[in-house]
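Structure, as structure tokens:
Residue numbers start from 1 in every chain, and the chains themselves are labelled A, B, ... in the order their sequence lines are given, proteins ahead of strands.
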2 protein chains.
Amino acid sequence: MTKKVKIAIDAMGGDHGVDATIPGAAKALDKDGDLHFLFYGDEAKIRPVLSKYPKLKASSETIHTDHAVRGDEKPAAALRTGRQSSMRLAINSVSNNEADCIVSSGNTGALMAMAKMVLKTLPNIRRPAIASVLPSKTGRTVMLDLGANLSCDSEVLIQFALMGAVYARVSENKKNPSVGLLNVGSEDMKGHEELRAAHGVLSRVQFPGSFKGFVEGNDIPMGTVDVVVTDGFTGNIALKTAEGVGKLTEFYLKETFKSSLLATLGGVLAMPALKKMKQKVDPRFYNGGMFLGLDGVCLKSHGSSDDVGFCSAIIVAANL
Amino acid sequence: MTKKVKIAIDAMGGDHGVDATIPGAAKALDKDGDLHFLFYGDEAKIRPVLSKYPKLKASSETIHTDHAVRGDEKPAAALRTGRQSSMRLAINSVSNNEADCIVSSGNTGALMAMAKMVLKTLPNIRRPAIASVLPSKTGRTVMLDLGANLSCDSEVLIQFALMGAVYARVSENKKNPSVGLLNVGSEDMKGHEELRAAHGVLSRVQFPGSFKGFVEGNDIPMGTVDVVVTDGFTGNIALKTAEGVGKLTEFYLKETFKSSLLATLGGVLAMPALKKMKQKVDPRFYNGGMFLGLDGVCLKSHGSSDDVGFCSAIIVAANL
């Protein structure tokens, strides 16, 4: 008999709260019957949604709390006043070994601050990072940091490179992942001092991957390397720009297939293939920012994610 | 009779040198008969290419020089040793009033350093920025800085916001351009200190546009604002990421239309419409980074641009 994976869910997090987290968990349970959920949040809101999913109800427990961290709350304030929040109690359950991992689509800053305080960073890791996997020409590219640390010195960037390489080995099954540092040019002399210093060290040291030097923005979707390392400010903007261009392309394609009778007919014929392509790049299937560097598995789902997106995040967490 | 626009061309710049710059100028002359070119560079290389375009030959002069700035040359070195380079002589011609503007696809750092030294910055402008226009859902979005200044303090960001607004009025014909500061979230408290300080000032002062606060990466392709302001590091990475995603989408689309017989037939029927869409987003038609804040028109074309791309840059320069 397989051991059940216990997943703590911050049921109140994100733009859609229980309307995304509970149906998302139900979808995840359909894909993987070995999951067991601990829902943290307002029972009065959880119960009516949960009652629609009898199978999920049987594979879950609800732990009631009135308090939820707001989306605009400052991390320090959330730490101070959020001790009984759904987010905090869900994180606690991982540190108490009641759950194997925690998934939340709530306030990123608060989640990182609480997870760092409760779960602690791994030995010798100064700062945790948010990593995610993006679709690329060669398959899938791991990128970090996506927003946990606005600016990073060279030591932190070096640690991110190591953590990213380890993550690519474990979650992407890459034996010798190639790692690149994101910069404005590939020449050694380019970019901020922190980047050049990190480049110098990574070119010399042994680590669980191969360092390929600097990469540029276009190398992310091209999949030039398996792991792209950058600070949280740049990473967040690159990720959101890429998602925006994806949406713009979808909009243009829709317009294109409406622009003439022939184009519409062509669109109808190609529809099954286009749908497959859409699925391949759908950001919802790449949802789930992994907090690397913590002594415990904590996954951040997009604040705006729906049930499909939240389900992807759960599946990522369950497989780690 | 219309006055001829005189355009100085660094004929040796970019990955393709005279094979892109001369045919690009020929294409531009086809579109606008009022152009006159001054080609700076190695006459022995220019002559054979120019001889293929008799009309262009008649509307141009070649000024010979042996020296060209290398792509990997450091700006300081280029300044010191490049006084007789094609790039430098072309810039000089603008400050001597021999030409109205200069276009180069050579080394960005060297071009900026030389243009700044020769043309000088406008009164009260501390640092020039590279601005360009990108396709967006609402039409066209101006973005700056795209790589001239790796890091920017709040004062520089404020000046970029003003210059960007003026540029959008002049080149995009927008009467009251909306301006946003690129950040990792739209809440006032987010992001680096420089960004928050710039946000504070821009929210208070009168300037030739409307300040819309912080915008995020996805707002660039969505066209949420007319002008997106950021530092040169972030801007360069966002731009190249967007271009990379565009290329990846093209690759996926080609694969999709080959994936089944029906899809191929659909692709054939929709081809004319798809071609139109491709043209709409083709980065070559958005080529041309304008150096804002200089007392003279200097345009940087992509280093990798072909004749079509170089032609677009010339057309942008000629219309300013």
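A salt bridge links B/Arg126 to B/Asp153: one of the charged nitrogens lies within less than 4.0 Å of a carboxylate oxygen.
Interface check for chain B: of the options A/Glu255, A/Met222, A/Lys276, A/Met271, the most heavy-atom pairs under 4.5 Å are formed by A/Met222. When each of B/Val245, B/Leu265, B/Leu261 is scored by its heavy-atom pairs under 4.5 Å with chain A, the top score falls to B/Val245.
B/Asp145 places a side-chain N or O within donor-acceptor distance of the main-chain N or O of B/Ile130, the cut-off being under 3.5 Å. Under the 3.5 Å distance criterion, the side-chain polar atoms of A/Asp219 are matched with a main-chain donor or acceptor of A/Glu216.
The part of B/Ser259 that comes within reach of chain A is its side chain, from C-beta onward, which places non-hydrogen atoms under 4.5 angstrom from that chain. Contact annotation for A/Leu253: both backbone and side-chain heavy atoms come within less than 4.5 Å of a heavy atom of chain B. Proximity to chain B is limited to the backbone of A/Ser136, based on heavy atoms less than 4.5 angstrom apart. For B/Leu134, no part lies near chain A; criterion is any non-hydrogen pair under 4.5 Å. For A/Phe251, the part lying near chain B is the side chain, with the backbone staying farther off; criterion is any non-hydrogen pair under 4.5 Å. Residue contact with chain A, scored on non-hydrogen atoms closer than 4.5 Å, involves the backbone and the side chain of B/Pro135 alike. In this structure, the portions of A/Leu182 lying under 4.5 Å from any heavy atom of chain B include both its backbone and its side chain.
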- Worked verdict on A/Glu243 versus A/Lys247 for salt bridge (Lys or Arg N to Asp or Glu O under 4.0 Å): CA-CA 6 Å; A/Glu243 287 179 358; A/Lys247 270 193 197 163; over 6 Å; no

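Just one of A/Ile158, A/Leu195, A/Asp231 meets the side-chain contact (heavy atoms from CB on, under 4.5 Å) condition when paired with A/Cys152; it is A/Asp231.
In this structure, B/Phe211 has its ring center under 6.0 Å from that of B/His199.
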